[in-house]
Amino acid sequence: MDTIHYFNKIVKELEHSAPLISSDEAETLFCHIVGAKKVFVAGAGRSGFIAKSFAMRMMHMGIDAYVVGETVTATFEKDDLLLLCTGSGETKTLTAIGEKAKTVGGTIAVVTLSPLSTIGKMANTTVTLPGAPKDQDGSHHETIQPMGSLFEQIMLLFFDALILRFMHHKELDTNKMYGKHANLE
């Protein structure tokens, strides 16, 4: 099989996954982000890269967004939202970050495969995405892709859809957002 054949199979997997995402969970996350003073994102591995890309787009829209662990991250306070991105919901570093946010009194949201995980249980709101865990053990979602690729792709597209929801809400278009894009390149 050639590369384009695999590409088409991935697109079909994504098409079959979209209807499995809860509109209510997505809207609840949207409302938490709108209501937050600042939004902090964290994830590990590829999930972390996708979390960073979401923070970047939120910044382009004028949302005060930060990536946990970066040198220019603000202080997390009780009116803030921590968004954890984790397939398993058991990543130790993310669990520790969530516990710290709880002690401050902030709101925790998680985008995950595993809403009954340690992080899922500590969250105030959860968005459960379809996909397969890294080990694909006991997964009910079949994929040809390795490890957590399907979950990570769905998360990226989910966040891009959430950005479109914000753009509509804030009456933004790409030209208005581009004004906040990096220009020192």
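Between the Glu90 side chain and the Thr118 main chain, a donor and an acceptor come within less than 3.5 Å of each other. Under the 3.5 Å distance criterion, the side-chain polar atoms of Glu25 are matched with a main-chain donor or acceptor of Thr128. Between the side chain of Ser22 and the backbone N or O of Val127 there is no donor-acceptor pair closer than 3.5 Å. Side chain of His16 to backbone of Lys12: a donor-acceptor contact under 3.5 angstrom is found. Formation of a donor-acceptor pair under 3.5 Å by the Asn124 side chain with backbone atoms of Ala109 is not found in this model. Lys38 places no side-chain N or O within donor-acceptor distance of the main-chain N or O of Ala74, the cut-off being under 3.5 Å. Remark: the backbone N or O of Lys78 is not paired with any side-chain donor or acceptor of Lys37 at under 3.5 angstrom. Looking at Thr126, its side chain never comes within 3.5 Å of a backbone N or O of Val110 through a donor-acceptor pair.
Taking OG of Ser88 as the reference point, atom CD1 of Ile119 lies at 6.5 Å (rounded to 0.5 Å). Distance CZ/Arg57 to CG/Asp160: 7.0 Å, rounded to 0.5 Å.
When all heavy atoms are compared, the tightest approach of Thr112 to Gly89 is OG1-N, 4.0 Å. Considering every non-hydrogen atom in both Ala44 and Thr91, the closest pair reads CB-CG2, 4.1 Å. Scanning both residues, Leu82 and Gly98, for their nearest heavy atoms gives CD2-CA, 3.9 Å.
Considering Leu81, Asp80, Leu83 in turn, Leu81 is the only one that fulfils the side chain to side chain contact (heavy atoms under 4.5 Å, CB included) rule with Thr107.
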Discussion item. Between Ile50 and Cys85, does the side-chain contact (heavy atoms from CB on, under 4.5 Å) criterion hold? Intermediate values first, please.
Written reply: CA-CA 8 Å; Ile50 293 163; Cys85 302; over 6 Å; no
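No path of Ile, Leu, Val, Met, Phe, Trp and Tyr side chains, each step under 4.5 Å between heavy atoms, connects Leu84 with Val67, placing them in separate hydrophobic clusters. No path of Ile, Leu, Val, Met, Phe, Trp and Tyr side chains, each step under 4.5 Å between heavy atoms, connects Met56 with Phe49, placing them in separate hydrophobic clusters. A continuous path of ILVMFWY side-chain contacts below 4.5 Å connects Ile154 to Leu162, so both sit in one hydrophobic cluster. No single ILVMFWY cluster, assembled from side-chain heavy atoms under 4.5 Å apart, contains both Val68 and Ile33. Both Phe54 and Leu164 are members of a single hydrophobic cluster when ILVMFWY side chains are connected at heavy-atom separations under 4.5 Å.
Between Glu13 and Gln153 there is no side-chain heavy-atom pair separated by less than 4.5 Å. Between His60 and Ile163 there is no side-chain heavy-atom pair separated by less than 4.5 Å. With contacts defined as side-chain heavy-atom distances shorter than 4.5 Å, the pair Val111/Leu29 qualifies.
Relative ring orientation between Phe166 and Phe30 is described as tilted, the plane-to-plane angle lying within the 30° to 60° band.
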